[in-house]
Undergrad: 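Questions regarding the structure given below will be posed in turn.
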Amino acid sequence: MTAAEQETQENHVSGATVWLTGLPSAGKTTIAYELAGRLREEGRRVEVLDGDEIREFLSAGLGFSREDRHTNVQRIGYVAELLARNGVLALVPVIAPFADSRETVRKRHQANGTAYVEVHVATPVEVCSVRDVKGLYAKQAAGEISGLTGVDDPYEEPVSPDLRIDSQDQTVRESAAALHTLLTERGLS
């Protein structure tokens with residue numbers, strides 16, 4: 001294959017945004033990085049848009065009001081769609097607690113003809129609070145913070161996600177494999 005043919009083939013690789021939504025400590029980021037590693041081994045271009053990193057670099061200054069959360073989700077959705085339309089699989093492990101914010105991102109992808117997959121990492125709050133990766137549930141219980149999604153701030157579960165992962169019932173590798181299977185079935189992996 002000539003360099004020009006290889007470049008043409010690479011330019012026709014389908015990108016997609018894969019949005020992993022769920023409560024804090026549900027396993028979204030862990031699953032995303034596991035899947036990213038597998039996809040990279042297969043030669044795919046993949047980026048993980050980690051919610052914490054985005055808040056630090058792209059959405060610094062935003063708080064956690066409904067409006068700020070919506071703005072944060074729209075910024076992430078915009079970047080993910082840009083990557084996806086350029087052949088990158090953008091894995092987005094971000095809570096995105098409000099259905100209308102997620103739907104706005106989905107519609108932007110549809111308007112641009114860009115694939116969008118919504119995954120609900122449906123780990124129960126009781127399991128998340130035991131995992132408590134960042135200590136948020138302990139801080140909320142101690143009264144040190146308020147507005148914790150799924151505890152004292154709303155989380156609107158997806159009604160019909162493309163995939164629902166019950167991460168408490170399977171390993172990270174199994175969760176990533178289930179998502180990989182869905183992407184393969186849709187011609188996106």
Side-chain angles (χ1 to χ4, degrees), residues 14-42 44-55 69 72-73 76-77 79-81 83-84 88-110 114-137 140 148-151 153-189:
S14 296
T17 294
V18 180
W19 199 291
L20 294 92
T21 179
L23 297 174
S25 297
K28 302 175 301 295
T29 302
T30 305
I31 293 167
Y33 278 109
E34 176 73 22
L35 179 60
R38 181 173 177 178
L39 291 166
R40 284 186 183 114
E41 287 174 4
E42 295 172 358
R44 286 305 313 262
R45 293 178 12 197
V46 181
E47 289 296 332
V48 177
L49 300 180
D50 181 284
D52 292 334
E53 292 174 359
I54 296 291
R55 275 204 173 266
R69 288 176 189 252
N72 186 49
V73 168
I76 297 168
V79 171
E81 199 277 327
L83 289 168
V88 176
L89 279 172
L91 306 180
V92 185
V94 173
I95 295 169
F98 300 109
D100 61 340
S101 294
R102 294 189 306 265
E103 185 59 23
T104 301
V105 171
R106 178 188 295 274
K107 286 180 178 175
R108 182 179 310 112
H109 279 71
Q110 288 172 339
T114 308
Y116 180 87
V117 177
E118 183 177 69
V119 178
H120 180 206
V121 182
T123 311
V125 68
E126 300 80 24
V127 174
C128 294
S129 66
V130 170
R131 289 179 180 170
D132 204 11
V133 178
K134 300 173 192 164
L136 298 174
Y137 292 92
Q140 192 276 336
L148 181 59
T149 302
V151 177
D153 213 44
Y155 175 72
E156 299 170 356
E157 290 188 7
V159 176
S160 55
D162 297 290
L163 178 66
R164 189 176 311 278
I165 295 175
D166 296 312
S167 73
Q168 75 279 6
D169 296 331
Q170 57 193 18
T171 66
V172 172
R173 182 169 281 166
E174 290 168 335
S175 295
L179 182 46
H180 186 274
T181 297
L182 176 66
L183 296 176
T184 300
E185 289 169 355
R186 295 195 176 177
L188 300 171
S189 71

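All values below were derived from every heavy atom in this structure, side-chain atoms included, with hydrogens, water molecules and symmetry-related copies excluded.
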Undergrad: Residues two or more places apart in sequence or in another chain: which of them pass salt bridge (Lys or Arg N to Asp or Glu O under 4.0 Å) with Lys134?
TA: Asp52
Undergrad: Of all residues at least two apart in sequence or in a different chain, which pass the side-chain contact (heavy atoms from CB on, under 4.5 Å) check with Arg38?
TA: Glu42, Ala177, His180
Undergrad: Can you run down the salt bridge (Lys or Arg N to Asp or Glu O under 4.0 Å) pairs that involve residues 175-184, sequence neighbours left out, and say none if there aren't any?
TA: none
Undergrad: Listed by chain and number, what are the side-chain hydrogen bond (donor to acceptor under 3.5 Å, both in side chains) partners of Asn72, not counting sequence neighbours?
TA: Ser59
Undergrad: Just jot down the side-chain contact (heavy atoms from CB on, under 4.5 Å) partners of Arg106, sequence neighbours excluded, or say none.
TA: Glu103, Gln110, Tyr116, Glu118, Asp162
Undergrad: Distance check, rounded to the nearest 0.5 Å: Gln140 atom CD versus Leu136 atom CG?
TA: 9.5 Å
Undergrad: Who pairs with Val127 by side-chain contact (heavy atoms from CB on, under 4.5 Å), at least two apart in sequence or on another chain?
TA: Thr123, Pro124, Arg131, Gln168
Undergrad: Could you tell me which residues satisfy side-chain hydrogen bond (donor to acceptor under 3.5 Å, both in side chains) with Asp166, sequence neighbours excluded, listed by chain and number?
TA: none
Undergrad: Sequence neighbours left out, what pairs pass side chain to side chain donor-acceptor pair (under 3.5 Å) with at least one residue falling in residues 25-34?
TA: none
Undergrad: Please identify each residue that fulfils side-chain contact (heavy atoms from CB on, under 4.5 Å) with Thr171, with sequence neighbours left out.
TA: Arg173, Glu174
Undergrad: Taking salt bridge (Lys or Arg N to Asp or Glu O under 4.0 Å) as the definition, give me every residue that meets it alongside Arg69, ordered by chain and number, with sequence neighbours left out.
TA: Asp153
Undergrad: Can you name the side-chain hydrogen bond (donor to acceptor under 3.5 Å, both in side chains) partners of Thr114, sequence neighbours left out?
TA: Glu81
